[in-house]
Novice: 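What follows is a single structure, and I will ask about it in a moment.
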Amino acid sequence: MSFESLGLTAELLRAVNDQGYAQPTPIQIRAIPVVLAGRDLLAAAQTGTGKTAGFALPLLQHLQKKPLRSHAPRVLVLTPTRELAAQVGESVQSYGKYLPFSTAVIFGGVNINPQIDKLRRGADIVVATPGRLLDHAQQKTIDLSRVEILVLDEADRMLDMGFIRDIRRILALLPKQRQNLLFSATFSEDIRKLASGLLHNPETIDVAPRNSTAERVSQQVYLCDKGIKRALLSWLIGSGNWQQVLVFTRTKHGANRLCTQLQRDGIEAAAIHGNKSQGARTRALADFKQGRVRALVATDIAARGLDIDQLPHVVNYELPNVPEDYVHRIGRTARAGHSGEATSLVSPDERAFLKDIERLLKQELPRATAQGFKPNPADLKPEADDRRPRHYHAPRHGHGQKSSRHSRPGSYGHQHRSASQHHTARSR
Ligand code: AMP
């Protein structure tokens with residue numbers, strides 16, 4: 001199967017060729033003809049499958065085939081995060097570089113005035129996060145009454161982030177007659193409800209069985225005490241000579257703290273999460289992509305959809321309490337056919353999360369031991385909050401909610417001690 005045989009125009013084929021894509025990915029093969037035919041689409045696809053080109057190429061072709069001199073946007077793409085909006089906007093621009101269409105990217109956390117100027121000058125395609133789009137709608141700086149195609153990208157994450165009311169408000173501003181494309185990594189009851197109210201006789205595509213990413217990524221678990229995690233992470237980065245690693249923490253505060261600690265260990269690190277200004281987030285991502293920052297420490301929401309070419313290492317410094325998030329996280333590596341490595345540092349209080357993940361993946365993740373890891377005893381003081389019982393939310397996909405399960409860090413027995421033995425000398 002080639003891009004030519006999908007019936008794309010010469011301008012789009014040229015742009016795809018410039019990107020160096022040799023052949024379409026499975027989602028592109030399935031989605032492009034459906035979108036070109038004007039049908040609604042419900043697609044189960046994660047970031048990393050090539051889904052952006054799967055909707056961007058045919059919607060650009062739709063604009064090209066039906067030229068219309070309108071000042072108002074004809075395509076609206078909604079995304080959950082600013083980073084994803086920026087990335088999708090960039091992709092649309094590069095796929096449409098030989099076409100005369102203009103794309104506006106609209107998100108919060110930055111000055112609204114340049115966005116207003118851009119919209120006033122005219123944008124055929126708007127890629128937006130819901131909140132800032134509604135600000136524009138309220139200020140009447142955007143006219144959504146001419147939208148012909150609506151794309152909801154990462155719809156499951158939009159619902160997770162509580163955007164459902166904003167989405168409904170936006171839907172009310174769109175013309176009834178339009179084409180709808182919904183992309184989601186998972187299909188919860190809420191997504192099905194949203195889809196059934198939104199899509200008309202949709203074609204359903206499921207190219208990415210949930211754990212296909214998981215199969216391409218080599219995964220390993222270090223069972224270790226919580227107080228040892230930071231030293232172990234620094235050792236893994238140093239001894240493995242990892243040059244680019246995305247590290248997930250559960251909280252913004254945890255991301256900041258780990259970032260500072262890694263810097264103290266001599267590892268260039270930056271944190272990216274919702275409390276950082278847009279400028280700081282963009283800068284951190286650029287530094288990471290260009291190799292100036294070796295470890296990017298992120299929360300799930302900030303990292304959602306980040307497109308980093310050939311990211312070799314992902315670390316779960318803490319496991320997510322929703323098992324599907326594990327699959328999203330490790331999907332940051334092994335993109336578009338590359339292989340990658342996902343490492344999880346799992347403390348005793350996270351064991352139930354590990355079980356949930358293994359149940360979802362239908363496999364036991366390989367346990368690893370850190371041969372040669374000899375942390376300095378000074379590094380092993382428990383952090384202040386390790387001494388308190390922690391109150392996690394019960395996993396949404398949990399299997400019973402025993403309160404004792406997540407409440408107190410315990411300790412592992414002999415067989416897993418190798419990563420947590422206290423040695424006196426440092427290995428490096
Ligand atoms: P996406 O899932 O849209 O975020 O795309 C993931 C990555 O795959 C991006 O870096 C794209 O540039 C890349 N990509 C998309 N389509 C193809 C293709 N047909 N061949 C190779 N790489 C692709």
Side-chain angles (χ1 to χ4, degrees), residues 1 6-7 24-62 74-81 84-85 87-88 91-92 125-130 144 147-172 174-213 304-305 322 324-325 327-328 331 360 396-397:
M1 181 58 87
L6 289 170
T25 65
I27 182 89
Q28 291 161 3
I29 292 170
R30 300 277 311 277
I32 290 173
V34 174
V35 183
L36 285 178
R39 302 255 329 254
D40 278 9
L41 174 68
L42 177 61
Q46 300 171 12
T47 298
T49 55
K51 68 182 163 68
T52 315
F55 64 77
L57 292 168
L59 66 80
L60 284 160
Q61 181 145 326
H62 166 88
R74 297 175 61 196
V75 172
L76 174 64
V77 183
L78 290 180
T79 72
T81 63
L84 188 60
Q87 270 171 210
V88 169
S91 297
V92 169
I125 301 164
V126 168
V127 184
T129 53
L144 293 173
V147 169
E148 295 160 39
I149 303 180
L150 169 72
V151 182
L152 295 185
D153 197 8
E154 302 202 348
D156 49 346
R157 186 49 56 133
M158 283 199 267
L159 298 192
D160 287 351
M161 290 170 70
F163 282 138
I164 187 67
R165 290 183 60 192
D166 285 353
I167 291 173
R168 294 206 184 286
R169 272 189 223 129
I170 292 165
L171 293 179
L174 304 179
K176 293 238 168 339
Q177 185 72 27
R178 58 169 200 268
Q179 186 179 3
N180 300 290
L181 317 176
L182 189 154
F183 290 81
S184 184
T186 54
F187 278 117
S188 63
E189 209 32 55
D190 287 342
I191 287 288
R192 287 182 198 284
K193 231 165 53 198
L194 177 68
S196 70
L198 184 74
L199 307 174
H200 303 287
N201 185 25
E203 176 79 22
T204 302
I205 299 181
D206 186 352
V207 286
R210 227 180 247 160
N211 43 8
S212 68
T213 315
R304 175 79 179 187
V322 176
E324 277 84 359
D325 281 347
V327 180
H328 291 313
L360 174 74
R396 267 189 292 161
H397 303 268

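By convention here, the first residue in the shown sequence is residue 1.
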Novice: I'd like to check Thr129 versus Thr81 (side-chain heavy atoms, cut-off strictly below 4.5 Å). Are they in contact?
Specialist: no
Novice: Does a side-chain heavy-atom distance below 4.5 Å link Leu60 with Ile125?
Specialist: yes
Novice: Look up atom CG in Asp153 and atom CZ in Phe55, then write down how far apart they are to the nearest 0.5 Å.
Specialist: 4.5 Å
Novice: If we only count heavy atoms from C-beta on, is the Leu171 to Leu198 side-chain gap below 4.5 Å?
Specialist: yes
Novice: CG of Leu144 to CZ of Arg74: how many Å apart, nearest 0.5 Å?
Specialist: 15.0 Å
Novice: Drop me the distance from Thr25's OG1 to Met1's CE, to the nearest 0.5 angstrom.
Specialist: 11.5 Å
Novice: I need the minimum non-hydrogen distance between Ala45 and Ile27, along with the two atoms involved.
Specialist: CB-CD1, 3.6 Å
Novice: For the side chain of Ser91 and the backbone of Gln87, is there at least one donor-acceptor N/O pair under 3.5 Å apart?
Specialist: yes
Novice: Under the rule for side chain to side chain contact (heavy atoms under 4.5 Å, CB included), what residues qualify as partners of Arg39, not counting sequence neighbours?
Specialist: Val34, Ala37, Asn201, Glu203
Novice: What is the distance from atom OG1 of Thr52 to atom CG of Leu84, rounded to the nearest 0.5 Å?
Specialist: 7.0 Å
Novice: To check you understand the geometry: which heavy-atom pair defines the closest contact between Leu36 and Gly7, and what is its length?
Specialist: CD1-O, 4.4 Å
Novice: So which atom in Asp166 and which in Pro130 form the shortest heavy-atom distance, rounded to 0.1 Å?
Specialist: CB-CB, 3.8 Å
Novice: Apply the side chain to side chain contact (heavy atoms under 4.5 Å, CB included) test between Phe163 and each candidate in Asp160, Leu159, Ile167; give the one that qualifies.
Specialist: Ile167
Novice: If you measure from NZ on Lys176 to NE2 on His200, what distance do you get to the nearest 0.5 Å?
Specialist: 9.0 Å
Novice: For a quick test of reading the model, state the closest non-hydrogen atom pair linking Ala31 to Leu41 and the distance between them.
Specialist: CB-CD2, 4.0 Å
Novice: Side-chain contact, heavy-atom cut-off 4.5 Å: Val35 with His62?
Specialist: no
Novice: Closer than 3.5 angstrom, by distance alone: can the side chain of Asp40 be matched with the main-chain N or O of Asn180 as a donor-acceptor pair?
Specialist: yes
Novice: With a 4.5 Å cut-off on side-chain heavy atoms, are Ile149 and Leu76 touching?
Specialist: no
Novice: With side-chain contact (heavy atoms from CB on, under 4.5 Å) as the criterion, how do Ile205 and Leu42 come out once you've worked through the C-alpha distance, each side chain's angles and the decisive distance to 0.1 Å?
Specialist: CA-CA 6 Å; Ile205 299 181; Leu42 177 61; over 6 Å; no
Novice: Could you give me the CA-CA distance, side-chain angles and deciding distance for Glu148 and Arg178, then say whether salt bridge (charged side-chain N to carboxylate O under 4.0 Å, His left out) is met?
Specialist: CA-CA 5 Å; Glu148 295 160 39; Arg178 58 169 200 268; over 6 Å; no
Novice: Is the backbone N or O of Glu154 less than 3.5 Å from a side-chain atom of Arg157, with the two atoms forming a donor-acceptor pair by type?
Specialist: no
Novice: Please check if the side chain of Ser184 supplies one atom and the backbone of Ala44 the other of a donor-acceptor pair under 3.5 Å.
Specialist: no
Novice: Using a 4.5 Å cut-off on heavy atoms from C-beta on, say whether the side chain of Leu181 contacts that of Gln179.
Specialist: yes
Novice: Roughly how far, to the nearest 0.5 Å, is the CG atom of Leu199 from the CG atom of Leu150?
Specialist: 9.0 Å
Novice: Does anything in residues 183-199 form a salt bridge (Lys or Arg N to Asp or Glu O under 4.0 Å)? List the pairs, not counting sequence neighbours.
Specialist: none
Novice: Less than 4.5 Å apart, any side-chain heavy atom of Leu152 and any of Phe183?
Specialist: no
Novice: Can you check whether Leu194 reaches Leu182 side chain to side chain, under 4.5 Å on heavy atoms?
Specialist: yes
Novice: Do you know the tightest heavy-atom contact between Ala53 and Pro58?
Specialist: O-CD, 3.7 Å
Novice: Check Ala185 against Asp156 and note the closest heavy-atom contact, atom names and distance.
Specialist: N-OD2, 3.3 Å
